[in-house]
Amino acid sequence: MLVFFVAILLVGIGILLYMYWKAHYDRIDRQVLEFSHFPSSFGKISIFFISDVHRRKIKQDTILKIEEKIDLVIIGGDLTEKGVPMQRVQENIKLLKRLNAPIYFVWGNNDYETDYHLLDATLLDCQVKVLANDKVSFESESGEVIDLIGLDCPQNRDVDIETPLQSSNGDFKILAIHDPSLFETFSPHIQKEVDLFLSGHTHGGQIRIFGWGIRDRGGEVHYSHTLGFVSEGYGTSLLPLRLGTKAECHVISLQKKQEPNGG
């Protein structure tokens, strides 16, 4: 009987060690997303997307493995949480700046657990642009425009997507939000205005038992006029453990869909 309980204990310890390893083994997910209406004068736009860092330190080795030219870095919220020293946030941003691209940030619910005024000042000092119900536009040499819209976190602040949309004349619109369920609260008319949204928050369920989790897995989400992409996140919440999900960040390349020959 003692041998049986020792075996069970060892198996349990082994599972916990595996779950801890899963939560700290970085996966760089590379996606090529094609759109028939993507402005061709941009060629290809590469976005480094990371969400839900929480308490983790971004690994230098992970950033060094990214050999692609990155045009934009987007932080999809929950860069930090209560109890995380601001120095760690600064160090994580310093690593992201190695990608030599402008950095944009949207608020997550856990970011507001901190001294969010200090976080806001830290982001400003690190030349990170905060998008809170705001947008930034990128124009190609031929005059085509891509708009990046970022919204605040509805659990903590009011969300206003109509104002940035009204001032948008983009040929292609990217929406950065923390929680993907926010998109479903918008009217079909507003949803139709967005070509792609990027989000995190769900952690893919973080711990899934026999494939079941409290949240859906990450990846593409298709709407009638919009493609959504949900990250399973870089860090964890509550427990530093994962099972059946991935600790991930993303290199997302956007380009015009190539028509088949003769099409």
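The nearest pair of heavy atoms linking Asn156 to Asn109 is OD1-CA, 3.5 Å. Between Gly77 and Phe105, the shortest heavy-atom contact is CA-CE1, 4.5 Å. In this structure, Tyr116 and Asp111 approach most closely via the heavy-atom pair CB-O, 4.0 Å. Closest non-hydrogen pair, Asp71 versus Pro102, comes out as O-CD, 3.4 Å. Closest approach of Asn92 and Ile58 over heavy atoms only: OD1-N, 2.8 Å. Of all non-hydrogen atoms in Cys126 and Ile93, the two that sit nearest each other are CB-CG2, 3.8 Å.
Counting heavy atoms from C-beta outward, Phe42 and Glu141 have side chains that stay 4.5 Å or more apart. Val73 is not listed as a side-chain neighbour of Ile47, based on a closest heavy-atom distance of 4.5 Å or more. Side-chain contact between Ile70 and Asn100: absent, with no pair of heavy atoms (C-beta onward) separated by less than 4.5 Å. Between Lys173 and Leu165, some side-chain heavy-atom pair lies under the 4.5 Å cut-off. With contacts defined as side-chain heavy-atom distances shorter than 4.5 Å, the pair Ile66/Arg98 does not qualify. Between Ile149 and Asp134 there is no side-chain heavy-atom pair separated by less than 4.5 Å. Put simply, the side chain of Asp179 does not reach to within 4.5 Å of the side chain of Phe183, judged on heavy atoms. Counting only heavy atoms from C-beta outward, the side chains of Leu148 and Leu175 never approach each other to under 4.5 Å.
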Inset, instruction - List the steps, then state whether side chain to side chain contact (heavy atoms under 4.5 Å, CB included) holds for Leu95 with Gln60. - result: CA-CA 7 Å; Leu95 277 175; Gln60 178 175 291; 3.9 Å; yes
Inset, instruction - Could you check Asp52 against Tyr234 for side chain to side chain contact (heavy atoms under 4.5 Å, CB included), going step by step and ending with a plain yes or no? - result: CA-CA 6 Å; Asp52 302 279; Tyr234 188 78; 5.9 Å; no
Inset, instruction - Could you check Thr114 against Leu118 for side chain to side chain contact (heavy atoms under 4.5 Å, CB included), going step by step and ending with a plain yes or no? - result: CA-CA 8 Å; Thr114 66; Leu118 177 58; over 6 Å; no
Legend entry - Phe138 vs Val145, side chain to side chain contact (heavy atoms under 4.5 Å, CB included): CA-CA, chis, key distance, verdict: CA-CA 6 Å; Phe138 309 93; Val145 174; over 6 Å; no
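Taken to the nearest 0.5 Å, the CG atom of Asn110 stands 8.5 Å off from the SG atom of Cys153. To the nearest 0.5 Å, the span separating CD on Glu193 from OG1 on Thr226 amounts to 9.5 Å. Rounding to the nearest 0.5 Å gives a distance of 9.5 Å between OG of Ser51 and CD1 of Ile75. To the nearest 0.5 Å, atom NE2 of residue His54 and atom CG of residue Leu79 are 10.0 Å apart. In this structure, the separation between CG on Leu238 and CD1 on Ile207 is 9.0 Å, given to the nearest 0.5 Å. Note that the OG atom of Ser237 and the CG atom of Asp78 stand 8.0 Å from one another [nearest 0.5 Å].
In Glu162, the CD atom is not crowded: 12 or fewer heavy atoms of neighbouring residues, nucleotides or ligands sit closer than 6.0 Å. Within 6.0 Å of OH in Tyr25 there are 12 or fewer heavy atoms belonging to other residues, nucleotides or ligands. Within a 6.0 Å sphere centred on OH of Tyr20, heavy atoms belonging to other residues, nucleotides or ligands number 12 at most. The environment of Asp160 atom CG is dense: over 12 non-hydrogen atoms of other residues, nucleotides or ligands sit within 6.0 angstrom.
With respect to Glu232, the side-chain hydrogen bond (donor to acceptor under 3.5 Å, both in side chains) criterion is satisfied by exactly one of Arg215, His250, Arg217: Arg217. When each of Lys65, Arg56, Lys57 is checked for a salt bridge (charged side-chain N to carboxylate O under 4.0 Å, His left out) with Asp26, only Arg56 meets the rule.
Between the side chains of Asp152 and Tyr112, at least one donor N or O sits under 3.5 Å from an acceptor N or O. Donor-acceptor pairing under 3.5 Å is lacking for the side chains of Lys44 and Ser46. Judged purely by distance below 3.5 Å, without hydrogens or angles, the side chains of His189 and Gln191 never pair a donor atom with an acceptor atom. Judged purely by distance below 3.5 Å, without hydrogens or angles, the side chains of Thr122 and Asp125 never pair a donor atom with an acceptor atom.
Under a 3.5 Å cut-off, the side chain of Asp147 and the backbone N or O of Gly170 do form a donor-acceptor pair. Using modelled atom types, no side-chain atom of Asp171 and backbone atom of Glu144 make a donor-acceptor pair closer than 3.5 Å. With hydrogens and angles disregarded, no donor-acceptor distance shorter than 3.5 Å links the side chain of Asp195 to the backbone of Ile174.
With sequence neighbours left out, the side chain to side chain contact (heavy atoms under 4.5 Å, CB included) criterion links Phe35 to Leu33, His37, Phe38, Phe172, Leu196, Leu227, Leu254. When the side chain to side chain donor-acceptor pair (under 3.5 Å) test is applied to Glu68, the partners found at least two apart in sequence or on another chain are Arg30. Residues passing the side chain to side chain contact (heavy atoms under 4.5 Å, CB included) test with Thr236, sequence neighbours excluded: Ala23, Gln206, Pro240, Arg242.
The hydrophobic clustering, which links ILVMFWY residues whose side-chain heavy atoms are closer than 4.5 Å, places Ile74 and Ile45 together. With hydrophobic clusters built from ILVMFWY side chains whose heavy atoms lie under 4.5 angstrom apart, Ile13 does not share a cluster with Leu243. Connection of Tyr104 to Leu119 is not established within any shared hydrophobic cluster, with ILVMFWY side chains joined at heavy-atom distances below 4.5 Å, either directly or through further cluster members. In the hydrophobic cluster analysis, where Ile, Leu, Val, Met, Phe, Trp and Tyr join through side-chain heavy atoms closer than 4.5 angstrom, Leu123 is grouped together with Phe48. Put simply, Val251 and Leu198 are part of two different groups of oily side chains (I, L, V, M, F, W, Y) that touch within less than 4.5 Å, one to the next.
Side-chain contacts under 4.5 Å among hydrophobic residues (ILVMFWY), followed directly or transitively, place Ile214 together with Trp212.
Listed by first then second residue, pairs satisfying salt bridge (Lys or Arg N to Asp or Glu O under 4.0 Å) with a partner in residues 79-96 read Arg55-Glu81, not counting sequence neighbours.
In this structure, the ring of Phe49 has its center no less than 6.0 angstrom from the ring center of Phe229.
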Listing, residues 1-10 side-chain donor-acceptor contacts under 3.5 Å, not counting sequence neighbours, or none:
none

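Taking the charged nitrogens against the carboxylate oxygens, Asp29 and Arg27 do have a contact shorter than 4.0 Å, which makes a salt bridge.
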